[in-house]
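Atoms considered below: every heavy atom in the structure, side chains included; atoms not considered: hydrogens, waters and symmetry mates.
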Amino acid sequence: QVQLVESGGGLVQAGGSLRLSCAASGRTFSWYDMGWFRQAPGKEREFVAAIRWRGDSTYYADSVKGRFTISRDNAKNTVYLQMNSLKPEDTAVYYCAADYSSKFSSWSYEYDYWGQGTQVTVSS
């Protein structure tokens, strides 16, 4: 079992930045690929970014590429999502997720554990 707790969400103006954190506890964090997803009201949950367990590979949804950066610190059992140049359409609840099978996927069903989410609101 892995427990995930997100933090760092909030209200920000368009063009601003936020840094989300996801702290993990339980099984060895460094064994898991990690992902960030988001869900806006009335919409499906969508993939944002993923990072390999060693941190040596990342990939992003086209909608955030060049603006968001995913990273991890295995010594701190934490994964981050740095979000720059935020847009109102980035408004959503952001979730981190852990994948034990290293599928490095953009599909939410491939992930084994989820946090409770943190709200990000971008005003225009």
In this structure, CG of D99 is separated from CZ of R52 (nearest 0.5 Å) by 8.5 Å
Applying side-chain contact (heavy atoms from CB on, under 4.5 Å), run through V2 and Y100 and close with a yes or a no.
-> CA-CA 10 Å; V2 172; Y100 186 65; over 6 Å; no
According to a hydrophobic-cluster definition based on side-chain heavy atoms being under 4.5 Å apart (Ile, Leu, Val, Met, Phe, Trp, Tyr only), do I51 and F68 belong together?
yes
When rounded to the nearest 0.5 Å, the distance separating CG of N74 from OG1 of T28 is 10.0 Å
Are V48 and L18 connected, step by step, through hydrophobic side chains (Ile, Leu, Val, Met, Phe, Trp, Tyr) whose heavy atoms are closer than 4.5 Å? yes
Do Y113 and L81 share a hydrophobic cluster (ILVMFWY, side-chain heavy atoms under 4.5 Å, transitive)? yes
Nearest heavy-atom contact between T78 and S21 is CG2-CB, 4.2 Å
With the side chain counted from C-beta on, respond yes when Y60 and R67 share a heavy-atom pair under 4.5 Å apart, and no when they do not. no
Note: S105 and E110 closest approach over all heavy atoms is OG-CG, 3.2 Å
dist S30:OG -> N77:CG (nearest 0.5 Å) comes out at 7.5 Å
- Decide if atom NZ of K103 counts as having more than 12 heavy atoms of other residues, nucleotides or ligands within a radius under 6.0 Å. yes
Between the CZ atom in R19 and the OG atom in S71, the distance rounded to the nearest 0.5 Å is 6.0 Å
ring-ring contact (aromatic ring centres under 6.0 Å, His included) test vs F104 passes for just one of Y32, F47, Y59, namely Y59
Taken to the nearest 0.5 Å, the spacing of R38 CZ from T118 OG1 works out to 14.0 Å
In terms of heavy-atom contacts, Q82 and S17 come closest through NE2-CB, 4.0 Å
Classify the ring geometry of F37 against Y111: parallel below 30°, tilted from 30° to 60°, perpendicular beyond 60°.
perpendicular
- [ ] Determine, using the 4.5 Å side-chain heavy-atom cutoff (strictly less than), whether W53 and V79 are members of one ILVMFWY cluster.
- [x] no
Does the pair D62/K65 count as a salt bridge with the N-to-O cut at 4.0 Å? yes
Separation between OG (S108) and CD (Q39), nearest 0.5 Å, reads 9.0 Å
* Does L20 belong to the same Ile/Leu/Val/Met/Phe/Trp/Tyr cluster as Y80, with side-chain heavy atoms less than 4.5 Å apart forming each link? -> no
Side chains of L4 and M34 in contact at under 4.5 Å (non-hydrogen atoms)
yes
**Study point:** Note, M83 side chain near D90 side chain (heavy atom, < 4.5 Å)
**Key:** no
Answer yes or no: is there a side-chain heavy-atom contact under 4.5 Å between L86 and Q13?
no
